[in-house]
Amino acid sequence: MAPLIPRMQTKRHLADYDPICSFTAQEVADDIDECEAAIQTFMAAPEADRRAFVAFVLFRLR
């Protein structure tokens, strides 16, 4: 799931700021399905694991 976050963020920035970038309806539907599955997997994990993941994503390693 961790690689999904920056990949979706990159796509969002492209969609918002790159006027020549476009996505097909199927690509968008696939991305939505992938994100929904990731959210369901995340929410099914134990709370301690979810907290650790959030900390890992929010804070840079030294």
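Applying the side-chain contact (heavy atoms from CB on, under 4.5 Å) test to Ile32 and every residue at least two apart in sequence or in another chain returns Val28, Glu36.
Rounded to the nearest 0.5 angstrom, Gln26 CD and Asp33 CG are separated by 8.5 Å. One finds the CG atom of Leu58 at 9.5 Å from the CZ atom of Phe53 (value rounded to the nearest 0.5 Å). Within the model, atoms OG of Ser22 and CD of Glu27 stand 7.5 Å from one another, a figure rounded to the nearest 0.5 Å. Within the model, atoms OG1 of Thr41 and CZ of Arg50 stand 12.0 Å from one another, a figure rounded to the nearest 0.5 Å. From Ile20, atom CD1 reaches atom CG of Leu14 across 10.0 Å, with rounding to the nearest 0.5 Å. If you take CG on Asp49 and CZ on Phe56, they are separated by 13.5 Å, rounding to the nearest 0.5 Å.
Hydrophobic cluster membership differs between Met8 and Tyr17, with clusters built from Ile, Leu, Val, Met, Phe, Trp and Tyr side chains linked at under 4.5 angstrom.
You'll find the side chain of Phe42 reaches within 4.5 Å of the side chain of Val54, heavy atoms only. Contact of the Arg12 side chain with the Arg7 side chain is not registered, since no non-hydrogen atoms from C-beta on lie closer than 4.5 Å.
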